[in-house]
Amino acid sequence: MACQSVAAVMDEQALLGLNPNADARYRQRAMAYFEQLKESQDAWEVCAEALAKGIYNDDHVKFFCFQVLEHQIKFRHAGLSGVQQQLIRETLMKWLQSQLMNAHPEKPFIRNKAAQVFALTFVMEYLTLWPKFFFDILSLVGLNPHGVDIYLRTLMAIDAEVVDRDILHSPEETRRNTLIKDGMREQCIPHLVESWFQILQTYQQSHPELTCQCLEVVGAYVSWIDLNLIANDRFVNLLLSQMSMEELREEACDCLFEIVNKGMDPIDKTKLVESLCQVLQSAGFFNVEQEEDVDFLAKFSRLVNGMGQSLVLSWTKLSRSGNPKDTAETLQAIEAKVPLLLQLLVHEDDDISANIVGFCYEYLHVLKQLPQLTDQQKANIEAIMLAVMKKLTYDDEYNFENEGEDEAMFVEYRKQLKMLLDRLAQVSPELLLEAVRRVFTNTMQNWQTAQFMEVEVAIRLLYMLGEALPASHGAHFSGDTAKTSALQDMMRTLVTCGVSGYQHSSVSLEFFETVVRYDKFFLVEPQHIPNVLMAFLDQRGLRHNSPKVRSRVAYLFSRFVKTLHKHMNAFIEDILTRIQDLLELAPPENGFPALLTSDDQLFMFETAGVLIVNGESPVERKQALMRSLLLPLMDAFRLLLAKLPQETEEERQTVLADCLSHAVGFASRTSKAFSNKQTVKQCGCTEVYRDCLQTFLPALSCPVQRGVLRSSVRSFLHRMIICLEEEVLPFVPAASEHMLKDCEAKDLQEFIPLISQITAKFKRQVSPFLQQVFMPLVLAIFEVLGRPAEENDQAAALEKQMLRRSYFTFIQTITGSGMNEVMANQGVENIERVLFTIIQGAVDFPDPVAQKTCFIILSKLVELWGGKDGMVGFPDFIYKHIVPACFLAPLKPTFDLSDAQTVLTLSECAVTLKTIHLKRGPEFIQYLQQEYLPSLQVSPEISQELCQVLQQPDMKVLKNYIKAFFQRAKL
């Protein structure tokens with residue numbers, strides 16, 4: 001187009017909207033203008049002219065022009081004319097030329113966007129229209145700092161487009177990128193490398209930021225260019241000299257890391273690493289203790305880690321290829337790095353230490369594979385052990401009460417150290433056991449005067465041995481005598497030396513964690529149980545001043561009691577008395593914070609239950625103890641339930657409802673103590689749980705906070721069905737009636753498993769009740785499913801789908817429990833209505849999970865009612881509805897035969913057809929051949945083939961045939 005004056009063409013009003021502070025009207029106009037320029041055949045050219053001539057000073061307008069250009073290159077390049085493509089190239093070069101003249105560079109965000117546009121143009125045109133891309137840029141910018149900056153940013157943008165492995169590319173883009181890299185290697189890489197050397201040399205003093213940029217470019221490109229261009233004396237010497245310059249050293253270190261990381265032949269890699277190490281060592285970089293710059297040391301540690309891991313990789317490859325000489329030399333090279341590894345591993349800065357863990361881990365893996373260890377290697381293992389033990393230790397700054405980011409990082413770092421400890425145990429379990437024993441014993445002898453972090457780490461090491469030295473089912477105290485006696489000695493010391501009284505939360509926690517990890521120790525030496533019980537129960541444990549300790553100890557105490565309750569018979573009532581105040585339902589009026597949260601109290605109630613149920617007291621005593629445990633909950637529940645409907649403030653209602661819910665949850669949790677050996681009946685506790693049911697069930701008719709209350713009472717009923725057996729049945733009808741009133745989808749979805757559980761457990765016993773509840777439940781489900789919902793409300797749609805699945809599962813449970821009469825006695829109209837929903841579920845809803853259930857139900861109903869003495873009229877239903885469902889469902893476009901779940905549905909569909917044949921015999925075959933299959937335009941040959949397969953006994957053959965039949969039909 002003939003360029004008119006830009007002012008006449010560019011919408012100045014719209015440009016005002018580019019300013020972030022512009023009002024919404026202008027911003028909207030700017031967006032619309034952007035779309036207009038992007039989509040127009042040639043209107044974008046005004047942006048090109050604006051950039052080439054530097055018409056606008058406003059940064060936002062410049063950025064906008066580059067965005068418009070970027071869109072043309074990225075999405076419309078192929079449709080541009082040769083003249084327009086030339087215009088883009090000229091625009092970029094003119095803009096670049098103007099940068100050389102500017103006193104001040106553009107803002108970084110504009111330079112980055114420009115670099116992206118240069119890179120996109122390069123990707124589109126390098127192989128065809130602009131093979132001299134780099135020569136043109138380099139000859140223009142020379143060594144001008146502003147120009148060099150754009151050149152380097154462009155190289156990084158090209159790396160992102162062509163090389164970066166983190167970016168997903170299409171196969172087409174991958175092929176194109178390979179061609180670009182091949183072309184660059186042939187034509188220009190040596191020139192680029194030369195330009196980098198010149199930049200690094202020229203600007204290291206005057207423009208360190210450019211030098212750093214250039215080092216980053218070298219690091220990015222080194223992975224795919226000829227390494228000899230970089231790994232040579234003049235380049236490496238330059239990089240080494242820059243490792244001594246404060247502003248450049250970190251980037252220089254990263255650049256060396258990338259050089260070392262390049263994939264190559266193992267022998268060459270070993271030589272490269274060794275030559276680099278020699279130079280670094282002679283330049284004094286291995287004297288880590290003299291270096292004060294921790295940021296640089298973190299980078300240096302990463303470099304050493306890279307070198308070490310490269311050597312290990314070379315060693316692995318060489319040892320597999322059967323090359324003993326080079327393998328031995330590489331192992332020697334690895335061993336030579338161990339002193340440096342240890343200095344970095346033990347460094348007080350955790351980042352420096354963490355960066356070398358990978359090499360350390362892999363070095364230990366090498367040692368594990370060696371047939372025999374030398375004395376030096378054993379000494380190395382011990383040194384690594386001591387370093388790990390030292391580094392596991394907390395420092396003074398760690399904030400235990402308010403853990404933040406630093407603390408989280410230390411926890412992560414500790415996990416890495418644990419991996420090293422586990423690996424040490426694999427290499428030399430004896431050495432590790434001995435080292436831990438030494439540290440543990442020395443610390444426990446002087447725990448009163450030792451700092452908390454020393455005491456904590458000593459116990460922690462004992463705890464970590466439990467995973468590092470594996471034992472099946474925690475049997476650490478049987479088998480290997482050396483290990484067993486060492487662990488037994490340490491555990492005995494732990495529980496007798498008084499360290500449980502150490503005044504620091506980290507030590508308290510570690511003590512209890514370790515006691516519970518090695519709870520089997522107390523089966524061997526039960527005499528220590530009373531002392532440890534006291535630690536759990538007093539201010540060292542459940543009454544510790546730290547809520548974090550109390551909470552964790554509540555859980556650990558329940559584990560301890562579950563394992564060792566047989567040895568606690570003498571103390572049961574004493575323990576129950578001591579924890580009585582921790583079992584109180586925290587009243588919502590009370591402003592005092594409770595010692596334990598309600599979640600912690602769940603563990604306490606379970607523990608109390610375990611002690612009562614598993615004790616050796618007579619039945620009457622167990623009954624009395626359980627009643628005294630549950631009666632306060634029932635009394636509190638009645639009071640709070642009476643208060644709840646009178647409460648007008650919603651916040652207060654929520655607090656009361658939560659408290660009621662907790663009471664039910666606590667009672668429920670006590671029942672977990674019962675087992676097949678110790679049932680509720682055998683312990684004489686039936687009556688007290690019946691009383692609980694009578695107390696809790698009225699909550700179902702409470703008019704407020706229904707969701708919370710129903711949910712907790714329903715969970716309690718689930719538990720009671722398991723524990724009380726048929727004693728629960730008198731309570732079920734009334735409970736069901738309340739739960740079916742004013743239902744939401746979620747209520748029904750949670751109620752159905754309860755009815756299914758009752759059905760599966762009691763079968764015939766509950767048949768009268770099921771007949772009574774069947775239609776009310778079904779009608780409640782229909783009502784909820786029939787409620788209108790907004791078209792885009794995905795949550796409501798999912799809720800309905802889940803309810804539909806639950807409904808079909810319920811019908812499946814009824815039909816599968818052999819209770820034919822439950823459905824048969826619902827009256828013809830109701831039966832029909834239910835049957836049609838099952839047909840609908842099988843055919844109309846594209847949900848293979850529900851469809852599969854529907855076909856299972858249909859098979860079962862055919863089996864129950866499809867024979868000669870079946871339900872009147874049912875054979876007619878088979879032919880009119882069930883048979884068509886078996887064909888119409890798989891023919892639906894949504895029935896995806898490549899989906900595994902759908903294939904399972906098809907299998908059940910085949911089973912349904914087979915069941916119909918078993919029940920109706922030749923009549924069914926005749927119906928298919930003469931009436932139904934012809935109506936689907938199935939040819940007589942295929943009809944005959946299908947009917948023959950149906951009459952064969954092998955179900956697998958039928959399933960395979962049906963799949964092939966529908967695959968053909970869908971072509």
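Note that these values count all heavy atoms, side chains included, but never hydrogens, waters or copies made by symmetry.
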Salt bridge Lys763-Glu726, side-chain N to carboxylate O under 4.0 Å: no
Glu783/Arg787 salt bridge by N-O under 4.0 Å criterion: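 Here Arg787 pairs with Glu783 in a salt bridge, since their nearest N and O are under 4.0 Å apart.
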Does any N or O in the side chain of [X] come within less than 3.5 Å of the main-chain N or O of [Y], such that one atom is a donor and the other an acceptor?
X      : Y      : value
Lys963 : Val903 : no
Lys919 : Gly867 : no
Glu725 : Ile721 : no
Tyr807 : Ile781 : no
Gln757 : His718 : yes
Lys914 : Leu950 : yes
Gln952 : Gln948 : no
Glu908 : Leu904 : no
Thr905 : Gln901 : yes
Ser319 : Thr316 : yes

Mutual orientation of the aromatic rings belonging to Tyr932 and Phe887 [parallel < 30°, tilted 30-60°, perpendicular > 60°]: tilted
Verify whether one side chain among [X] and [Y] offers a donor that lies under 3.5 Å from an acceptor in the other.
X      : Y      : result
Gln749 : Lys746 : no
Tyr361 : Gln309 : no
Glu821 : Ser767 : yes
Arg804 : Gln801 : no
Tyr221 : Glu258 : no
Ser671 : Arg719 : yes
Ser817 : Thr759 : no

Within-4.5 Å side-chain heavy-atom neighbours: [X] and [Y]:
X      : Y      : value
Ile878 : Trp865 : no
Leu700 : Arg714 : no
Phe855 : Cys886 : yes
Leu754 : Val732 : no
Phe808 : Gln851 : no
Val862 : Arg920 : no
Ser736 : Ile755 : yes
Ser661 : Ser711 : no

Atom [atom1] of [X] and atom [atom2] of [Y]: how far apart are they, to the nearest 0.5 Å?
X      : Y      : atom1 : atom2 : result
Asn960 : Met955 : CG    : CE    : 10.0 Å
Ile856 : Thr815 : CD1   : OG1   : 9.0 Å
Leu913 : Ile962 : CG    : CD1   : 5.5 Å
Ile857 : Met823 : CD1   : CE    : 8.0 Å
Asp899 : Leu906 : CG    : CG    : 11.5 Å
Lys741 : Asp747 : NZ    : CG    : 14.0 Å

Contacts of type side chain to side chain donor-acceptor pair (under 3.5 Å), residue Asn825, not counting sequence neighbours: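 Testing Asn825 for side chain to side chain donor-acceptor pair (under 3.5 Å), a comparison that skips the adjacent residues, returns Gln771.
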Centroid-centroid distance, Tyr927 to Tyr879, less than 6.0 Å: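 Ring-ring flag for Tyr927/Tyr879: true, centres closer than 6.0 Å.
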Least distance between heavy atoms, Ile925 atom then Cys947 atom: CG2-CB, 3.9 Å
Enumerate, atom names and distances included, each donor-acceptor pair closer than 3.5 Å involving a side-chain atom of residues 73-82, sequence neighbours excluded.
{"from": "Arg76", "atom 1": "NH1", "to": "Lys38", "atom 2": "O", "distance (Å)": "2.7"}
{"from": "Arg76", "atom 1": "NH1", "to": "Glu39", "atom 2": "O", "distance (Å)": "2.6"}
{"from": "Arg76", "atom 1": "NH2", "to": "Glu39", "atom 2": "O", "distance (Å)": "3.2"}
{"from": "His77", "atom 1": "NE2", "to": "Glu125", "atom 2": "OE2", "distance (Å)": "2.7"}
{"from": "Ser81", "atom 1": "OG", "to": "Gln84", "atom 2": "N", "distance (Å)": "3.1"}

Would you list the pairs meeting ring-ring contact (aromatic ring centres under 6.0 Å, His included) in which at least one residue belongs to [range], sequence neighbours left out?
range            : result
residues 814-846 : Phe836-Phe877, Phe836-His881
residues 732-764 : none
residues 890-920 : none

Derivation and outcome, side-chain contact (heavy atoms from CB on, under 4.5 Å), residues Val883 and Phe924: CA-CA 10 Å; Val883 173; Phe924 173 49; 3.7 Å; yes
His71/Trp44 under side-chain contact (heavy atoms from CB on, under 4.5 Å): CA gap, chis, key distance, verdict: CA-CA 10 Å; His71 183 83; Trp44 58 270; over 6 Å; no
Listed partners of Asp876 passing side-chain contact (heavy atoms from CB on, under 4.5 Å), at least two apart: Lys880
